[in-house]
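Written out below as structure tokens is the structure these notes cover.
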Amino acid sequence: MAPASESVGDGRTPATERGTETVQLFGEHRYSSVVTPVRELKDFTEVALAAGETRTVTMTLTADDLQVVKPDGSRTLEPGSYELFVGDLNRTPTIA
């Protein structure tokens, strides 16, 4: 299945320390026929960084990742706007 959306975020460490940064991707379905979390963790990745290094990370979501569970237990992709959050970056893709 083709990706529904790709999100890009930066991981960065302080100039004097090396470490591992966990980049988290959250999604929010703006209007849904069922109750959904305000922000739901959709993906994450850990990136090893040298002191002061910044690295761009790309995460891919498919339509399946954006489905909601209906009261009868079935899963469906509802039309509408979804807001994605990675750190301070956000995007609002619309699914028709």
Side-chain angles (χ1 to χ4, degrees):
M1 180 176 298
S5 180
E6 288 191 347
S7 288
V8 178
D10 290 335
R12 179 176 38 241
T13 58
T16 59
E17 301 175 18
R18 68 173 190 213
T20 302
E21 176 73 17
T22 301
V23 181
Q24 298 176 328
L25 173 63
F26 292 90
E28 174 184 344
H29 188 201
R30 304 296 276 167
Y31 305 100
S32 178
S33 65
V34 296
V35 176
T36 59
V38 173
R39 290 193 181 161
E40 182 177 18
L41 182 63
K42 296 296 185 180
D43 197 8
F44 70 93
T45 188
E46 290 186 346
V47 182
L49 299 170
E53 179 183 8
T54 298
R55 186 178 309 165
T56 300
V57 176
T58 302
M59 291 178 264
T60 302
L61 294 178
T62 67
D64 288 344
D65 296 322
L66 299 176
Q67 290 182 345
V68 297
V69 179
K70 301 294 241 176
D72 66 2
S74 64
R75 297 177 64 82
T76 186
L77 179 64
E78 295 185 328
S81 293
Y82 293 78
E83 195 158 2
L84 303 177
F85 303 89
V86 180
D88 295 330
L89 173 72
N90 65 39
R91 297 177 53 206
T92 307
T94 298
I95 298 175

How far apart are the C-alpha atoms of Gln24 and Leu41, what are their side-chain angles, what is the distance that settles it, and do they pass the side chain to side chain contact (heavy atoms under 4.5 Å, CB included) test?
CA-CA 7 Å; Gln24 298 176 328; Leu41 182 63; 3.9 Å; yes
Residue pair Arg55 / Leu49, side-chain heavy-atom distance below 4.5 Å
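Of all side-chain heavy-atom pairs linking Leu49 with Arg55, at least one is under 4.5 Å.
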Rounded distance [0.5 Å steps], [atom1] in [X] versus [atom2] in [Y]:
{"X": "Asp43", "Y": "Thr58", "atom1": "CG", "atom2": "OG1", "result": "11.0 Å"}
{"X": "Phe26", "Y": "Glu83", "atom1": "CZ", "atom2": "CD", "result": "13.5 Å"}
{"X": "Met59", "Y": "Leu25", "atom1": "CE", "atom2": "CG", "result": "5.0 Å"}

Within 45° cone of Tyr82 ring axis and under 6.0 Å: Arg30 NZ or CZ
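No, Arg30 does not lie over the aromatic ring of Tyr82.
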Is the side chain of Lys42 donor-acceptor paired with the backbone N or O of Leu66 at a distance under 3.5 Å, no angle test?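 Answer holds: no.
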| query | Linking I/L/V/M/F/W/Y whenever their side-chain heavy atoms sit closer than 4.5 Å, directly or via other members, would Leu77 and Val34 fall into one cluster? | reply |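 Cluster IDs for Leu77 and Val34 differ.
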Below 3.5 Å, can you tabulate the donor-acceptor pairs from side chains in residues 67-76 to any protein atom, sequence neighbours excluded?
{"from": "Gln67", "atom 1": "OE1", "to": "Arg75", "atom 2": "NE", "distance (Å)": "3.2"}
{"from": "Gln67", "atom 1": "NE2", "to": "Asp64", "atom 2": "OD1", "distance (Å)": "3.4"}
{"from": "Lys70", "atom 1": "NZ", "to": "Ser33", "atom 2": "OG", "distance (Å)": "2.8"}
{"from": "Lys70", "atom 1": "NZ", "to": "Glu78", "atom 2": "OE2", "distance (Å)": "3.2"}
{"from": "Asp72", "atom 1": "OD1", "to": "Ser74", "atom 2": "N", "distance (Å)": "2.8"}
{"from": "Asp72", "atom 1": "OD1", "to": "Ser74", "atom 2": "OG", "distance (Å)": "2.6"}

Val38 to Glu28 - nearest heavy-atom pair and separation: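 Val38 and Glu28 have their closest heavy atoms at O-CG, 2.9 Å.
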| said: Val47 vs Thr45, test: side chain to side chain contact (heavy atoms under 4.5 Å, CB included). Steps then yes/no. | reply: CA-CA 7 Å; Val47 182; Thr45 188; 4.3 Å; yes
